[in-house]
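Here the structure is laid out as structure tokens; the discussion comes afterwards.
Order of the sequence lines fixes the chain letters, A, B, ..., with proteins taken first and strands second; residue numbering starts at 1 for each chain.
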Amino acid sequence: MKITITREIAVSLSFLLFGAGVFYSIYSIEVVEGVNALYTQVMIVPNFVTAVLFDWRGFDTLGECLILITSVLVTGMVFGKGLFNWDFLREVYREEDGKDVDLGFTPIIKVLAVPMAVLLMVLGVVVILGGHITPGGGFQGGALISAAYVLAMVAFGRGRCPVRFTHRFLESLESFGALLFLILGLIGMILSGYYLFNIREIYGIPLFPSPPGIGDVGIIPYLNIGVGLKVLAGLSTITTLLVSHRIVSKNIGRG
Amino acid sequence: MNLLPLIVVIPLLMAIVFSYIYRSKYIRLLTLLMALVLLVLPLLGLYGPYFFGGHGVVYIEGMPFVSGILYTLNPLKETLIFTLMLIGVLVLIISTREERLSGTFTALVLMGLASVSAVILTEDLFNLYVFYEIAAITQAGLVILAGREEAYRSAFRYLLVGTMAGSILLLGVGLLLSATGSLNIVDMGRYLALKPLTPTVYGALLMLIVGLAYGGGLPPFHTLKVDLYSRTKPFVAAILQTYSKFILIALMLVILKLFGGLPIFNTTRGVLIALSVFAMVFGTVMALLQDDYRRLLAYHTVSQGGYVALGLALGTPLGIVAGIFHGINHALYKSALFIGAHIVEKIKSPYMREVGGLLLAMPTVTFLILCAKLASIGIPPFNGFQSKLLLAEAVMSADMPELVILMLIVSIGTFLYMMKAFYLIFLKPCSEEQLREYREVRISKYHIFSLGLLVLLCIVLGLYPDMVLDRLLPLGEEIAIE
């Protein structure tokens, strides 16, 4: 008992010191413009944030996508994929019939959830496709679409959900989104020698049809679509893994 | 054309493919093929800078800035990546002999290889953070794969602390960005040397050190790493410890490049040396107490991580070279030891007192493990001797003779527990019946091949250390602090 109190005092003191240090260093912050001056002066696409994310620092965005992919993979290790071939789970899941439970939401929720989900999905598609012009982009749009899916799933349960994505479909979508990003980078490398080079046009044909006056759009919309697919599939996969144990039964060789 | 990004991109691409086809029948074959491809990767790049997206150097108010993300390749990085890929290849080869292999294991190993090589190659602090985070999640995933409750628990704890340590590192990166206006490490270092230091920079330095301690397994985060190494399958621990050792080297080099020329570096050096000394002493003392062979090796990893950090923290050319050389050597002999531990666990049990007399059952493996143990203690003609000698020289020339005495004592401790483990597992007499039991277990040729190759490399590097040292020395002088 005595040891724990000493330890707690030591821990809180060190947290206090560390916190004070962090607070002091943030309090006395002075922002230097540096290279950011360039990002605001050169126009690549009207949405400057997208320009920084997908053109100047495209490889970082790829890395951020891969963080999500790895997280989904690791979540799958615990709840889905990783259970492939585990024998003891067959024992555990033998008794259950794998039916989803209806939580008994009132009709009000169910009736409202469908149009809300549809609206959210449409908004998500718009945000992804217009990511280079208007605020938003792949991450935000993908998150919106997956939010719609989660809303429908929570309201109706996985079995009777009006928006039906199978687990395999989501997996394919996620892999496709990430591969699209990686391969677009490789194409840039083949054409110019630089990975993730923003190819403006091939033989005079612009890569993405857009009205004049909004800069060199190039591959940015496609990158946005890739990220969007990846994020929507990744977040939805995590939710599906958490709410349903049909994937578990599938992976241990039943159903 | 400079194919440098392919070192990172090909493993990433294949990781996604492997995670998609994880139930395929041909996973074993594909994994072997992938292992061959990995060996070619380090040869792809050309020395020099590589700008992503074609965004090169721009001049703003007369100051050169790198506008995009910069990767550089030099002999030092090439050597590190080659070692990393080699150990990854051996682990992948061994994994094809495991029951219940699925594509997810290969995917996670590839993801880890790609992210650690990106951490080594990058000259951009935010890019480093992104891949550092992927490496942390990957390590937790590899541990979860062991499928035991304790493995789940340690991986969860690692991720939980990782969320905090990762965010602190990110905050540090953000503070440095606000203080210097760039994310390129060289640009930042130059700016910091020109302008007077603000509290923001001190805070950022503190946060980078927290990130370093978490990623590299230095105190106070060493127990998390020990749990990771000891609760997964030992051959997976071989690749995990390589990841964290190389992240440690990369982050130490970043701290040297950023803060090396500043007046606060003397204090920083004191903190880093204190951390590494703690790692050395804690690791050795705890390893002496262990009964579980995997845990013993895990604590040994922490203590050797202390050696690597000590060399790099000195900041002298010799110290940097010795630290990196010891990191490479450590990755080699420690992987051999972990693969040996995997064989021991397969045959009987990881608990040292339950095994005994393995010498009679498998003399070749015993000999190879003995060689790896001698290398880890630092006995000629193995590579551990060369790097420890170099480290001692570096510490002596930095006027810290008391640290040399400490290193000697730690080495003696290492000798004690390594020989204790060797006696208990291989030499202790055992019954005839037990021996028959041992002989029934088949050890795959792949395991013995990997073990043999690593030990051979240990001997070669012990006899001809110049092969690596010649490649490290010019870079050591470039990074070093006057």
Examine whether an atom of [X] lies under 4.5 Å from a heavy atom of chain A, and if so say whether it belongs to the side chain, the backbone or both; otherwise answer neither.
X        : answer
B:Leu142 : neither
B:Tyr71  : side chain
B:Ile60  : side chain
B:Asn2   : backbone
B:Tyr191 : side chain
B:Met207 : side chain

Select, from [options], the one with the greatest count of heavy-atom pairs under 4.5 Å involving chain B.
options                             : value
A:Leu196, A:Thr75, A:Ile67          : A:Ile67
A:Val35, A:Leu38, A:Ile29, A:Leu182 : A:Val35
A:Gly188, A:Ser192, A:Ser172        : A:Ser172
A:Glu64, A:Glu33, A:Arg57           : A:Arg57
A:Leu179, A:Val31, A:Ile69, A:Val32 : A:Val32
A:Asn36, A:Asp55, A:Val22           : A:Asp55

* **Separation of A:Glu171 CD from B:Ile21 CD1 (nearest 0.5 Å)** =>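 These two atoms lie 12.0 Å from each other.
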* To do: With rounding to the nearest 0.5 Å, note down the distance linking CG in B:Leu13 to CZ in A:Phe181.
  =>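 Spacing of CG (B:Leu13) from CZ (A:Phe181) equals 13.0 Å.
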* Under the side-chain contact (heavy atoms from CB on, under 4.5 Å) rule, what do A:Leu186 and B:Leu6 come out as? Steps first, then yes or no, please. => CA-CA 9 Å; A:Leu186 280 180; B:Leu6 292 189; 3.6 Å; yes
* In terms of the angle between their ring planes, are A:Phe59 and B:Phe52 parallel, tilted or perpendicular, with boundaries placed at 30° and 60°? ->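 Aromatic pair A:Phe59/B:Phe52 classed parallel.
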* To do: Using the six-membered ring wherever Trp is involved, compare the ring planes of B:His55 and A:Trp56 and label them parallel, tilted or perpendicular (cut-offs 30° and 60°).
  =>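 Aromatic pair B:His55/A:Trp56 classed tilted.
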Which atom pair, heavy atoms only, marks the closest approach of [X] to [Y]?
X        : Y        : result
B:Tyr20  : A:Ser175 : CD1-OG, 3.5 Å
B:Ser19  : A:Leu73  : CB-CD1, 3.6 Å
A:Met189 : B:Met1   : O-SD, 3.4 Å

Top contributor to chain A interface from [options] [non-hydrogen pairs under 4.5 Å]:
options                      : result
B:Gly54, B:Ala136, B:Gly174  : B:Gly54
B:Met111, B:Glu61, B:Met63   : B:Met111
B:Gly68, B:Ser115, B:Ser67   : B:Ser67
B:Val17, B:Leu108, B:Thr138  : B:Leu108
B:Ser178, B:Ala114, B:Ala107 : B:Ser178
B:Ala155, B:Ser182, B:Ala179 : B:Ala179

For residues 193-202 of chain B, please give each side-chain donor-acceptor pair under 3.5 Å, one per line with the distance, not counting sequence neighbours.
| residue | atom | partner | partner atom | Å |
| --- | --- | --- | --- | --- |
| B:Thr200 | OG1 | A:Ser25 | O | 3.4 |
| B:Thr200 | OG1 | A:Ser28 | O | 3.2 |

Does a sphere of radius 6.0 Å around [atom1] in [X] hold more than 12 heavy atoms from other residues, nucleotides or ligands, not counting ones at 6.0 Å or beyond?
X        : atom1 : value
B:Phe156 : CZ    : no
B:Arg153 : CZ    : no
A:Tyr24  : OH    : no
A:Tyr194 : OH    : no
A:Phe176 : CZ    : no
A:Tyr222 : OH    : yes

* **Full working for side-chain contact (heavy atoms from CB on, under 4.5 Å) between B:Phe105 and A:Met77** => CA-CA 10 Å; B:Phe105 174 78; A:Met77 311 287 302; over 6 Å; no
* To do: Run the numbers on B:Ile16 and A:Leu66 for side-chain contact (heavy atoms from CB on, under 4.5 Å), then give the verdict.
  => CA-CA 9 Å; B:Ile16 292 165; A:Leu66 288 164; 4.1 Å; yes
* Asked: Which residues in residues 118-126 of chain B have a heavy atom less than 4.5 Å from any heavy atom of chain A?
  ->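 So the qualifying residues are B:Asp124, B:Phe126.
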* **Stepwise side-chain contact (heavy atoms from CB on, under 4.5 Å) test for A:Tyr195 and B:Leu4** => CA-CA 9 Å; A:Tyr195 192 76; B:Leu4 180 60; over 6 Å; no
* Against chain B, label A:Tyr27 side chain, backbone, both or neither, depending on which of its atoms sit under 4.5 Å from a heavy atom there. =>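 Neither part.
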